[in-house]
A.B. asks: 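First the structure, which I've put down as structure tokens, then a few questions once you've had a look.
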Amino acid sequence: PVADMHTHYKWSQLEVTTPEAALTALRKQNISMAVVIGTPADLALKLEALDPKRIVPIWSPYRAGGDWFRWALDPSTPKRARAALASGLYQGIGELHLIGGFARRFTSESVLDKLLELVTEYDVPILIHTEFSRPTPMRRICVAHPESKIVWAHAGAILKPHYVCEIIETCPN
């Protein structure tokens, strides 16, 4: 059995793949658990409704294409995230893209900071996708929020392996 910690089900996939067909594909690949990021978020719930033992829905701030860089500028994101977590329907927050050239500076007043506080409050993980050529942004995030459970998608994608190891050693969360 395989656990997939980073599965997407988006509006564009829904146009060609029904929820039933998506679940059939997971079963054929022997995926016994899939953490699903819906765009919009409720698409993950459609899969979970059909197979609640296999699907773990997490709330995504993405409502449509292009939201991967807009979420951090939207002051409604933390409020929407709180409502989603309070509903008990979602088991975390993600995927949040932090990509060099598109990511804004994250401060204690940023949307990201508020989301990291929420996941600590609700004791759920947050899935962060980073693509920086230096380790500083991710290190800053995890050190500032040591109680947050962070799932680091792609381990930085373009970071050199020694930076990935450095971040993991610095940030056990």
Side-chain angles (χ1 to χ4, degrees), residues 1-72 74-99 110-131 138 141-142 145-157 168 171-173:
V2 175
D4 187 335
M5 299 298 293
H6 187 160
T7 305
H8 293 273
Y9 192 53
K10 302 178 180 185
W11 81 100
S12 58
Q13 294 162 317
L14 181 61
E15 293 172 1
V16 295
T17 306
T18 65
E20 294 81 4
L23 288 166
T24 296
L26 292 174
R27 289 182 195 112
K28 282 183 179 179
Q29 295 302 316
N30 203 25
I31 296 175
S32 61
M33 182 193 73
V35 175
V36 178
I37 304 149
T39 303
D42 67 335
L43 288 182
L45 298 178
K46 290 183 186 304
L47 292 179
E48 187 213 19
L50 296 173
D51 197 344
K53 291 185 179 181
R54 185 178 319 270
I55 303 301
V56 179
I58 63 174
W59 181 81
S60 171
Y62 306 164
R63 295 172 277 196
D67 276 354
W68 63 272
F69 68 90
R70 286 190 288 255
W71 69 271
D74 182 351
S76 76
T77 299
K79 183 178 180 181
R80 293 185 301 117
R82 178 175 290 285
L85 293 178
S87 75
L89 298 173
Y90 296 95
Q91 306 305 310
I93 294 176
E95 163 182 45
L96 304 176
H97 284 84
L98 304 179
I99 299 176
S110 72
V111 170
L112 176 61
D113 189 74
K114 292 174 183 174
L115 295 178
L116 285 156
E117 291 170 4
L118 273 175
V119 297
T120 299
E121 178 183 338
Y122 282 88
D123 193 28
V124 295
I126 189 166
L127 177 68
I128 298 176
H129 172 139
T130 62
E131 286 188 20
M138 190 60 183
I141 290 165
C142 63
H145 296 276
E147 301 301 316
S148 296
K149 297 174 185 172
I150 298 171
V151 178
W152 189 21
H154 313 292
I168 291 172
C171 302
N173 55 327

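These figures come from a predicted structure and were not determined experimentally.
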A.B. asks: Testing the basics here: between P1 and N30, what is the closest heavy-atom pair and its distance to 0.1 Å?
C.D. replies: N-ND2, 3.3 Å
A.B. asks: Charged N to carboxylate O below 4.0 Å: is that the case for R82 and E121?
C.D. replies: yes
A.B. asks: Return the set of residues passing side chain to side chain donor-acceptor pair (under 3.5 Å) with T39 (not counting sequence neighbours), or none when no residue passes.
C.D. replies: none
A.B. asks: Report yes or no: do H8 and Q13 form a side-chain donor-acceptor pair below 3.5 Å?
C.D. replies: no
A.B. asks: Is there a side-chain contact between I126 and L116 in this structure, where contact means two heavy atoms from C-beta onward sitting under 4.5 Å apart?
C.D. replies: yes
A.B. asks: Closer than 3.5 angstrom, by distance alone: can the side chain of T7 be matched with the main-chain N or O of A34 as a donor-acceptor pair?
C.D. replies: no
A.B. asks: Please give me the minimum heavy-atom distance between L89 and E48, naming the atom from each residue.
C.D. replies: O-OE1, 4.4 Å
A.B. asks: Measure the CG-CH2 distance between L127 and W152 for me, rounded to the nearest 0.5 Å.
C.D. replies: 12.5 Å
A.B. asks: Mind running salt bridge (Lys or Arg N to Asp or Glu O under 4.0 Å) on R63 and D74 for me, showing each step along the way?
C.D. replies: CA-CA 12 Å; R63 295 172 277 196; D74 182 351; 2.9 Å; yes
A.B. asks: Quick one, I93 and L85 - any side-chain contact, counting heavy atoms below 4.5 Å?
C.D. replies: yes
A.B. asks: Please give me the minimum heavy-atom distance between P125 and V151, naming the atom from each residue.
C.D. replies: CB-CG2, 4.1 Å
A.B. asks: Do D113 and S110 meet the criterion of a side-chain donor-acceptor pair at a distance under 3.5 Å?
C.D. replies: no
A.B. asks: List in chain and number order the residues that pass ring pair (Phe, Tyr, Trp, His ring centres under 6.0 Å) with H129, two or more places apart in sequence or in another chain; answer none if no residue qualifies.
C.D. replies: H97, H154
A.B. asks: Is it the case that over 12 heavy atoms from other parts of the model lie below 6.0 angstrom from the CD atom of E20?
C.D. replies: yes
A.B. asks: Going from OH on Y62 to CH2 on W68, what distance comes out if it is rounded to the nearest 0.5 angstrom?
C.D. replies: 8.5 Å
A.B. asks: Looking only at heavy atoms, which two atoms of D67 and P61 are closest? And how far apart?
C.D. replies: OD2-O, 4.0 Å
A.B. asks: A side-chain contact here means heavy atoms from C-beta on lying under 4.5 Å apart; do L43 and P40 qualify?
C.D. replies: yes
A.B. asks: Side-chain contact test, heavy atoms from C-beta onward, threshold under 4.5 Å: evaluate it for R54 versus M33 and give yes or no.
C.D. replies: no
A.B. asks: Is there a side-chain contact between L118 and V124 in this structure, where contact means two heavy atoms from C-beta onward sitting under 4.5 Å apart?
C.D. replies: no
A.B. asks: How about I141 and L112: do any of their side-chain heavy atoms sit closer than 4.5 Å?
C.D. replies: yes
A.B. asks: Using the side-chain contact (heavy atoms from CB on, under 4.5 Å) criterion, which residues pair with S12? Sequence neighbours excluded.
C.D. replies: K10
A.B. asks: Looking only at heavy atoms, what is the nearest atom pair of L115 and A81, with distance?
C.D. replies: CD2-CB, 3.5 Å
A.B. asks: At their closest point, which heavy atom of W59 faces which heavy atom of A84, and how far apart are they?
C.D. replies: CD1-CB, 3.2 Å
A.B. asks: Could you give the distance from CG (L14) to CG (L47), rounded to the nearest 0.5 Å?
C.D. replies: 9.0 Å
A.B. asks: OG/S87 to CG/L45 distance, rounded to the nearest 0.5 angstrom?
C.D. replies: 7.5 Å
A.B. asks: Indicate yes or no: does K46 engage D51 in a salt bridge with an N to O separation below 4.0 Å.
C.D. replies: no
A.B. asks: Rounded to the nearest 0.5 Å, what separation is found between the CD1 atom of I55 and the OH atom of Y9?
C.D. replies: 10.5 Å
A.B. asks: Quick check: do V2 and Q29 have side-chain heavy atoms less than 4.5 Å from each other?
C.D. replies: no
A.B. asks: K149 and side chain to side chain donor-acceptor pair (under 3.5 Å): which partner among D123, N173, T120?
C.D. replies: D123
A.B. asks: Could you grab the distance from atom CD1 of I150 to atom OG1 of T130, nearest 0.5 Å is fine?
C.D. replies: 10.0 Å
